[in-house]
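To keep things clear, I will list the structure first and then write my remarks on it.
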Number of protein chains: 2
Amino acid sequence: MYPSDPGYAPSFDTRLAQAETLCQERGVRLTDLRRRVLEIIWSHPKPMGAYAILDVLRGDGRQGAPPTVYRALDFLLEQGLIHRLASLNVYAGCCQPGSRHGGQFLICRDCGQVNEMNSPAVENLLCAEAAAHCFEVLTQMVEVLGRCPDCQRGTSSDVG
Amino acid sequence: MYPSDPGYAPSFDTRLAQAETLCQERGVRLTDLRRRVLEIIWSHPKPMGAYAILDVLRGDGRQGAPPTVYRALDFLLEQGLIHRLASLNVYAGCCQPGSRHGGQFLICRDCGQVNEMNSPAVENLLCAEAAAHCFEVLTQMVEVLGRCPDCQRGTSSDVG
DNA sequence: TAGCAATTGTTATTCTATAACATAATTGCA
DNA sequence: TGCAATTATGTTATAGAATAACAATTGCTA
């Protein structure tokens, strides 16, 4: 459930392989650039802004400008490999790629840690309530700001 | 439930009076500028961006720069009189000021219309699910992108 | 290998938001 | 009332996020 929990998270390579497979099945190309952006996002403990990703790319020695990153992000978003957190203008790796879903995000106000929750109950209830208003749902964005368990206990190690 | 539904929505003046009362009770000042920004937001059929609000203010003959608007918006957000829709970078009047709540927003992809839904069930379920992850909830942002009833029927009059 | 489509590079610009400091208005109090 | 402290607004400049438009390149296919 928690992507940052080593007990649950699949390994880095496993997830990259999953992404490769997914793209092959769909007949879309996970190019070097796109794979690298996905790596960057997954290898960071917290969601990243587009310009932070760009800095890493440039550190690689790669050329690039904002559109370079944004196009890669658009691709990854379309393929459901990452999510965008609108309230923070950052991008986070999806912990359940393959199944298209909105995902619910728990954002810690204090340490900035973000965890993706995938509650079908929430998703279904939201759809049902929307349907009661005759509203046809395409995508959901659920972002919850609060305090993570570590920060409630005052044991969080990293802030920022 | 639908702020745009004339059958349910309280009148413009009623809502302004409510806002006045609320601010008085809380000992905060609904100044001319703040009241005007609230009016502008409420009097428009759709949520507005900060710079669109600024344009209206300037149309009033008032001086102003971005901070003028953003400070007023911050105040109104703090008082729960408006909401910010992070996915669109726009601001919408709250249809239930007084009770602090996150609110769930139904955003039409086709016509841009936004309706605020206040489902305690959604809010409670989200809190419960978050609590199951030992996460303490401060605020919720729920934005649903889809198609409104009018656009499903193809009877929507205004687009943009 | 020539041609087409998809991807990436590049420059410039638009849109959103805030920092920092100056000025004005309001409130509380002597 | 008059003054100090606080709050609110004006003003200039800048930071941050995202896209438009066009050029160059790559990869696939006929």
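Because only heavy atoms are used, hydrogens play no part in the values below, and waters and symmetry mates are left out as well, while side chains stay in. Labels below follow one simple rule: chain letters A, B, ... track the order of the sequence lines, proteins then strands, and each chain is numbered from 1.
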Whole-Å distance between [N] [atom2] and [X] [atom1]?
X     : N      : atom1 : atom2 : result
A:L30 : C:dT7  : CG    : C1'   : 13 Å
B:L73 : C:dA17 : CG    : P     : 9 Å
A:L33 : C:dT10 : CG    : P     : 12 Å
A:D32 : C:dT8  : CG    : P     : 9 Å
B:D74 : C:dA19 : CG    : C1'   : 13 Å

**Study point:** Under 4.0 angstrom between A:R34 side-chain N/O and C:dT7 OP1 or OP2
**Key:** yes
Check your understanding: Below 4.0 angstrom from OP1 or OP2 of C:dT16, is there any side-chain N or O of B:Y91?
Key -> no
Under 3.5 Å, is there a donor on one side chain and an acceptor on the other for [X] and [Y]?
X      : Y      : value
B:Q152 : B:D150 : no
B:N115 : B:Q113 : no
B:H101 : B:E123 : no

Under a 4.5 Å cut-off applied to non-hydrogen side-chain atoms, are [X] and [Y] in contact?
X      : Y      : result
A:I82  : A:C94  : no
B:V142 : B:L126 : yes
A:R147 : A:L106 : no

Practice item. For side-chain hydrogen bond (donor to acceptor under 3.5 Å, both in side chains), just list the numbers for B:E39 and B:H44, CA-CA rounded to whole Å, side-chain angles, deciding distance to a tenth of an Å, and then say yes or no. Key: CA-CA 9 Å; B:E39 275 180 15; B:H44 276 250; over 6 Å; no
Practice item. Would you indicate which nucleotide in C:dA17, C:dG9, C:dA20 comes nearest to any side-chain atom of B:Y70? Key: C:dA17
Review point. Which is the 5'-most and which the 3'-most nucleotide of DNA chain D that has an atom under 4.0 Å from a heavy atom of chain A?
Key: D:dA17 to D:dG27
Review point. A:R29 near the nucleic acid: base, sugar-phosphate alone, or nothing, with a heavy-atom cut-off under 4.0 Å?
Key: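 Since only primed, P, OP1 and OP2 atoms lie under 4.0 Å of A:R29, the category is sugar-phosphate.
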Point to revise | Expected output: side-chain A:E143 to main-chain A:A86 donor-acceptor under 3.5 Å | key: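 Yes.
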**Study point:** Residue that, paired with A:D32, satisfies side-chain hydrogen bond (donor to acceptor under 3.5 Å, both in side chains) out of A:R35, A:R29, A:R36
**Key:**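 So the option named by the test is A:R35.
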Exercise for review: Kindly state which residues belonging to residues 47-68 of chain B come within less than 4.0 angstrom of DNA chain C, counting heavy atoms of the residue only, listed by number.
Suggested key: B:Y51, B:P66, B:P67
